[in-house]
Structures are given as structure tokens and as C-alpha cells.
Amino acid sequence: MKKLKFPDPDRLQVSLAIVLLICGVFFGVMASHSYSAPGFWKSWLGFIKLRPLHVSSVVFWILLSAQALVNIALKNITQRKIPAWINWSRIVLIFIGIISIFICYFNLQFGGREYWEFPAWIAIPLLLVWLLQLAGMLFHLRHIPSPPVYIWMWYTGCTFLVFTFLENYLWLVPGIQNTPVRDLMFQWKSAGSLVGSWNQMIYGLGMYAMVQITGNTKPASSPLAFSMYFLGLVNLMFNWGHHIYILPSHGAVRTISYVVSMTEWIILLRLFYLWLKEFKRKRPEAVGMALQFLMAADRWVLINLLLALLMSVPALNLYTHGTQVTLAHSMGTTIGINTMLLLGIICQFMVPMQMQYGRWFRAGFRLLQAGLIIFWAILLLSGISRGYWQMQPGISSFQSMMLQHTMYFRIMAWSGSLMMSGFYLILFPLLMKWLKNKLPTV
Amino acid sequence: MISSYRLVLLVLAALFLAYTAWLLTLPTPYYNENFVRGRRVWQKYNCQACHQLYGLGGFLGPDLTHVVRKGGKPYLKAMVETGSPNMPVFKMNDTELSDLFLFLRGMDSSGCADPSRFLTTPDGNITPP
């Protein structure tokens, strides 16, 4: 009798994450058309469904791919396999969670909060997924005697993800749900820290991939690397207040967040120094897609960090808060940094070199970068214009302000479509090869 | 070296937990059960997809923190029942509409969400009106 062959669970999870990215980009482009064409698909999909579909797909692309790639990397480092039941329980729970979310959204069953709009019970399988992930990672930990900084980043990232995910559901607790200011404060504390947590995991993966590409392990264990890690961690813990400067919370929350956010200038200056060094260095004419994605992420870190620093100054934040400047920052971060890094790491771990030099891959990469820079810039411009409007109350109504922005929204929607074609040129061939079982896991 | 890194991590984690605990003890306006039910209506109909409270939420519709000042419950009822080119019509019952109104009235009285009324200080910080 022929023995049944099961796919590798982590590889299956990366494939699922890529499917979610494909869906997320599609829903996002459709949602952006709602801005320029009011009522776009209102009777069938509508913005009320499209936004959560887009956000959840993209959030789970980031979380699931980061989780699976950390597992693949740990397996490579320790050369040990965690018990199969941990992996397969995680995969089953992921499928239960994701399918339930999509069914709820399509049936207009909401009940959660921004970014997590699904009914609260779905958080239970998702929490179990993260607890199983943590258990699997702890299994590897005792086999790593002196961990370099990226190992620290994976473990703190995962631990904080569990903590902030739980904190995100504090609104179910009496005493929090009756207090709007405290409730909003904790909602944005957890949302801010959650992004910081997945950044820890993804930046750690980026560093691990660079170690693999260059073969140089020293920078990942240097005191400087650990100083930067702790600086990032302090920001994860205490800088989330820049989301809620105008909320009537305690003044110290604003001041602590302002002061901590400003420490990111150190990271920015260091990145700028490294970028200048890299700029002066003669680069090889052709590099694989893994390095291309990692280098693109580097540029996006620089641009987004500068924007984040400016937005973190409370006096400037008054002009950007609640405008598309915030959206430009979150798109630049999730697409420009997180997605570029994750795609680079996927290429490094799983895509053979000859495919990385493929024509479609390269064309897709260029379209993606061009689409993203136009998208980001137009969001920034429309956000600045909206910021000016909100600081001059009474100059025009909300509707006329939105009408005046129609041209911005059209460019936003079409640059989003450009980005989508770039993504699909990269993702579909990758997925097809995967389905035909032609891509190895390194 | 690793042990000193562990110590730094422990100190930071302790500070983070202490800060979180302090945030939970801060005095803050407290509302009754109607407000909680209204918030559930807000979430059930996913109003946050398009609208904001204190500038937090979607960008397609206006910020609703102080919307009750515009025309009270009749205005809210008219908007919910007729919609707009972008906004779908919602079939809320009277209880849901009342709860939503009480929720928005609670939000309105909780503070000021108009950035143009904040004052800036020379160090780049801001103070509420």
C-alpha cells in the first residue's frame, strides 16, 4: 500500500500566507476604488466589507508568513524537529480561524474592533495558534547555547504578540468597556505594540537572511546589534502613545511617548550612515531577488522612519492625525518594509537562484516599487491637504473636502492597481511552482 | 555578556508591566450599561470601517466624536436610515439606534477631538483646550 505523503506544515503555511497576500491586495485595490467612485460595488461588496477583508488578509499574511519563516529558520539552526502534533494543531487552528473570519465578513457579521472586526470568539483559535507557536519555539531554545540578536528578536516578538493580542481584547472586561478613554488608550497601546512585535520577528528574519547571504555572523552578535535591539524594544513598549496624542488621557502618556519616539533618531542616523556606506560601495551588476527585496526594504525603512519621527512630534501630529498621512505611513510600513522583507526571506529560503533572475520576477519587482512610491506619495499629499482642512474648521464641509480630493483618490486607486500587477507577476508563478512541488525548502 | 543582556531585558519587562498597571489605575470618565450596548452596536455595524472617533478609524466618512451636537438623535436616525452615495442604509431597530446615540453622546462628553483647538508648546508638545 502506498504511504500518504503530507506536505511540510511550515511550507504549507507560507503558501497560505501568499494566498492571503494575493487576496489582500485585490480587496485593497477594490477598496481604494471606493474613494474615487462613491458607491463602488456597494450593493455586492461595499467598503464596509472590503476594508476588513483587506486588513485581515494582509495582517494574516504578515503574521503567518513571519511565524512559518521563523520556524523554518529555527529548524535550520538547531537541526531538530518539534513534535508533529504541535505543527499540525497550529495549521488546523489557523484554517478554522481564517475560514471563520472570511465567512463572517462576507455575511456582514462583525462585532470586533478596528483591524480585528470579526466576532470575539474567533480570537480563541487565533490565541491558541500563538501559544502553540511559542511552545514550538521554546522547544528549540534549549538547543541554542549563545543566541545571536535575531534569536532574541524572534522570542521577544512572539512573547509580546501573545501579550498584546490578549490586551487587545480587554474591551470585553467590565471596567474597561464602560470607560471610553481608557478603552481607546488600551486599544491603541495593543495595536501599536502588536506592530512592534511582528517587526521584531521580521527584522530578526531579515538579519538572519543577511547573515546567510553574506556568511558574516559577527554583526548579529555585536554589542551594537544588541543596543539597537533594546532601543527597538523600548520603542515597542513605550512609544505607542503617538497614536493617541489628542485623546484626553494623562499628560505623562503623551510626554513619555514623545520622548521615547525621539530616540528613533539614533536608528535613523545609523541607517542613513549605513545607506551612505552602501551607496559608495561598488555593487555587483546582478543580484538575486532576495537581496533586491532586502535592499528595497532598507530604503523604505529610511523613508518611513523619517515620516514616523515627524508624525511623533505632537505639534506636527495635529496636522497628520486622522488623515491619509497616517495611512501613507502604515502602507509604507506594511508593504514597503514588512512585505519586502518577508518576500526577500521567502526568496532566500525557498526560491532557487535561476528563478530569482527570471524576467517576470524582475518586471514584477519594478512595477511593485513604482506603484508603491506613487501610492505612498499621493497618500501623503492628500493627507497634508486634509490636515490643512482639519486645522481650519469651517472652511468647507467634509463632503466638499472629499470632492476636492477626487483626483488624489483616482491616482491612489490606479497606482494601487499598478502595485497589484507587480505583486501578481511575482506571486502567481511562485505559487504555481509550489503547487507543482517544484520549489525546495532550504 | 549574555547575562547582562538578560538583566536589561528583565528590567525593561518589569518597567513595561508597571507602566501598564499604572495606566489601568488612571482616573477616567465612567459610563453606564447603555453606553456599553451602544458601543456594541457601533462594532456590530462596523461603523469604524469608514468613521473615526478621536481621529482613529476609517477615512471615507467624517469623524463622529462630536456628531451628536449636529442635530441630535433625529439627525443620526436620518443618516442611518437614508445613507449616502458611499454609506449603505442600515436597518437598525429603535433600541439599537437609541443605544448608538447614547454611545455617541458619551463619546462627545469624554473630551475634545478637534485638533485645531489644541495649543502647542515651544518644545513641540501640545495641551488640550
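Source: prediction; values computed, not measured. Sequence lines set the chain letters: A, B, ... in the order given, protein chains first and strands last, and positions in each chain run from 1.
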- Message: Check Lys44(B) with Glu96(B), please: is the shortest side-chain N to carboxylate O separation under 4.0 Å?
- Response: yes

- Item | Salt bridge present between Asp183(A) and Arg113(A) (N-O < 4.0 angstrom) | yes

[options]: which one forms the most heavy-atom pairs within less than 4.5 Å of chain A?
options                                   : answer
Pro27(B), Gly58(B), Gly83(B), Ala113(B)   : Gly58(B)
Leu26(B), Asn32(B), Val41(B), Leu24(B)    : Leu24(B)
Asp123(B), Leu9(B), Leu60(B)              : Leu60(B)
Thr127(B), Thr65(B), Asn46(B), Val8(B)    : Asn46(B)
Thr121(B), Ile126(B), Leu53(B)            : Ile126(B)
Gly124(B), Pro128(B), Gly55(B), Gly111(B) : Gly124(B)

Which region of [X], side chain (C-beta onward) or backbone (N, CA, C, O), has a non-hydrogen atom less than 4.5 Å from a non-hydrogen atom of chain A, or is it both or neither?
X         : answer
Thr120(B) : side chain
Leu119(B) : neither
Asp63(B)  : neither
Arg37(B)  : neither
Gln48(B)  : both
Phe35(B)  : side chain
Trp42(B)  : neither
Phe16(B)  : both
Thr20(B)  : both
Cys47(B)  : neither

Between [options], which residue shows the highest count of heavy-atom pairs closer than 4.5 Å to chain B?
options                                    : answer
Lys189(A), Gln187(A), Met402(A)            : Lys189(A)
Asn317(A), Leu247(A), Ile246(A), Thr179(A) : Ile246(A)
Leu233(A), Val253(A), Thr255(A)            : Val253(A)
Gln324(A), Gln399(A), His250(A), Gln392(A) : His250(A)
Phe186(A), Phe163(A), Tyr245(A)            : Phe186(A)
Gly251(A), Pro223(A), Ser249(A)            : Pro223(A)

For [X], does the [atom1] atom sit with more than 12 other heavy atoms under 6.0 Å from it, leaving out its own atoms?
X         : atom1 : result
Arg117(B) : CZ    : no
Tyr319(A) : OH    : no
Tyr388(A) : OH    : no

Name the region of [X], side chain, backbone, both or neither, that has any atom closer than 4.5 Å to a heavy atom of chain B.
X         : value
Tyr35(A)  : both
Met401(A) : neither
Leu316(A) : neither
Thr323(A) : backbone
Glu167(A) : side chain
Trp188(A) : side chain

For [X] and [Y], does a side-chain donor sit closer than 3.5 Å to a side-chain acceptor?
X         : Y         : result
Ser397(A) : Ser400(A) : yes
Ser261(A) : Asn235(A) : no
Ser257(A) : Trp240(A) : no
Ser116(B) : Asp114(B) : yes
Tyr258(A) : Ser312(A) : no

- Measure across Met391(A) and Leu318(A) and return the closest heavy-atom pair with its distance rounded to 0.1 Å. SD-O, 3.8 Å

Quick check, are the ring centers of [X] and [Y] under 6.0 angstrom apart?
X         : Y         : answer
Phe103(B) : Tyr31(B)  : no
Tyr45(B)  : Phe110(A) : no
Tyr150(A) : Tyr229(A) : no

- Message: Once you measure the plane-to-plane angle for Phe238(A) and Tyr19(B), does it fall in the parallel (<30°), tilted (30-60°) or perpendicular (>60°) bin?
- Response: tilted

- So Phe409(A) and His405(A), would you call those rings parallel, tilted or perpendicular, with 30° and 60° as cut-offs? perpendicular

